[in-house]
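Numbering of ligands and ligand atoms starts at 1, following listing order.
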Amino acid sequence: MKDIQIGIIGGAGGIGRWFGDLFRTEGYVVHASGRTSGLSLSEMAAICSVVIIGVPINATGDVIRQVGPCMRSDCLLMDLTSLKEEPVRDMLACSASEVIGCHPLFGPDVPSLAGQNVVICPARGSRWLRWLTELLEGKGGRIVLSTPQHHDEMMAAIQALIHINTIALGLTLRKTGLNPEELDRFSTPVFRTRMQHLEKVFEVNPGLYADIIVKNKKSRSIINRYKDTVDTLMEMVVKGDRAGLIGWMETDRKE
Ligand SMILES: NC(=O)c1ccc[n+]([C@@H]2O[C@H](COP(=O)([O-])OP(=O)(O)OC[C@H]3O[C@@H](n4cnc5c(N)ncnc54)[C@H](OP(=O)(O)O)[C@@H]3O)[C@@H](O)[C@H]2O)c1
């Protein structure tokens with residue numbers, strides 16, 4: 001298997017580059033491409049047995065529609081997108097190859113795969129599925145098998161809810177007009193930890209977080225619940241309802 005070549009579309013970017021490095025350390029030849037660099041999509045499909053898509057979420061559908069028809073049936077088309085329903089459906093519709101939806105549940109800042117969760121949505125074929133799971137598990141990764149639908153449902157809670165909360169926090173702090181240096185001078189350890197996450201969301205890759213929230217259809221209902229929760233909390237604050245607030249935190253029965 002080591003003689004196969006792997007192509008990563010988006011392989012010079014964050015998570016694509018990370019996976020490229022992983023495959024290279026395993027002894028594979030890896031080709032990375034971007035919009036203006038590396039092999040064309042048809043060249044990549046012609047020489048690579050495994051083609052991996054690691055481009056921004058809003059570009060994924062177009063890339064699948066371009067590369068999918070070029071894939072041979074004995075090859076693997078796989079994506080790394082943070083959402084799974086739409087990309088897996090598109091990969092199946094546009095190709096005759098084996099198809100796997102993959103979502104690494106970590107960012108390119110982690111030093112190794114050891115102990116990290118990787119969601120795998122098997123979609124078509126089993127040969128490459130075995131190769132991939134053995135490789136990832138061999139590097140210490142924890143495989144989480146899922147359907148695309150269940151994955152997106154889980155990501156509405158794990159990612160969309162958390163990130164909307166962080167964005168709301170950042171925008172609210174900005175609205176207060178408080179000076180960041182002054183906030184830092186008065187900060188607690190919890191506040192500083194939250195600020196580190198906030199900086200990542202606002203500065204490193206805001207497009208990724210916007211896509212994770214907006215493009216997941218399952219995120220709407222959980223964000224609505226979050227909004228209702230904040231409204232109820234506000235009512236308690238206005239009423240000075242300390243006992244009610246404690247009671248709500250202590251029981252999960254009250255809506
Ligand atoms: N970053 C994370 O923490 C993380 C974790 C898990 C999954 N993911 C998923 O991985 C994917 C990539 O995210 P990322 O954060 O790694 O993005 P990124 O850092 O912005 O990198 C994206 C790469 O895609 C290339 N690219 C952009 N548009 C393209 C197009 N139309 N055709 C071909 N190449 C294109 C870019 O290269 P050029 O500018 O040279 O075109 C760049 O190298 C997303 O689907 C995301 O949901 C990300």
Side-chain donor-acceptor pairs of residues 100-123 under 3.5 Å, sequence neighbours excluded:
unit_1 : atom_1 : unit_2 : atom_2 : d
H103   : ND1    : H151   : NE2    : 2.7
S112   : OG     : A114   : N      : 3.1
N117   : OD1    : R142   : NE     : 3.3

Can you produce the list of protein nitrogen or oxygen atoms under 3.5 Å from a nitrogen or oxygen of ligand 1, alongside each distance?
unit_1   : atom_1 : unit_2 : atom_2 : d
ligand 1 : 8 (N)  : S82    : OG     : 3.4
ligand 1 : 15 (O) : N205   : ND2    : 3.0
ligand 1 : 16 (O) : G14    : N      : 3.4
ligand 1 : 16 (O) : I15    : N      : 2.8
ligand 1 : 19 (O) : G14    : N      : 3.0
ligand 1 : 39 (O) : R35    : NH2    : 2.7
ligand 1 : 41 (O) : R35    : N      : 2.7
ligand 1 : 41 (O) : R35    : NE     : 2.8
ligand 1 : 43 (O) : G13    : N      : 2.8
ligand 1 : 45 (O) : V55    : O      : 2.9
ligand 1 : 47 (O) : S82    : N      : 3.0
ligand 1 : 47 (O) : S82    : OG     : 2.6

*Report yes or no: does R72 contribute a side-chain atom to a donor-acceptor pair with the main-chain N or O of A46 at less than 3.5 Å?*
yes

*In terms of the angle between their ring planes, are W131 and W128 parallel, tilted or perpendicular, with boundaries placed at 30° and 60°?*
perpendicular

_Whether the side chain of R17 engages the backbone of G10 through a donor-acceptor N/O pair (distance < 3.5 Å, no angle test) should be reported._
no

*With side chain to side chain donor-acceptor pair (under 3.5 Å) as the test, would you mind laying out the steps for R194 and N165 before giving the verdict?*
CA-CA 11 Å; R194 294 298 300 268; N165 174 277; 2.6 Å; yes

_Partner of I64 under side-chain contact (heavy atoms from CB on, under 4.5 Å), chosen from M91, R89, E86_ = M91

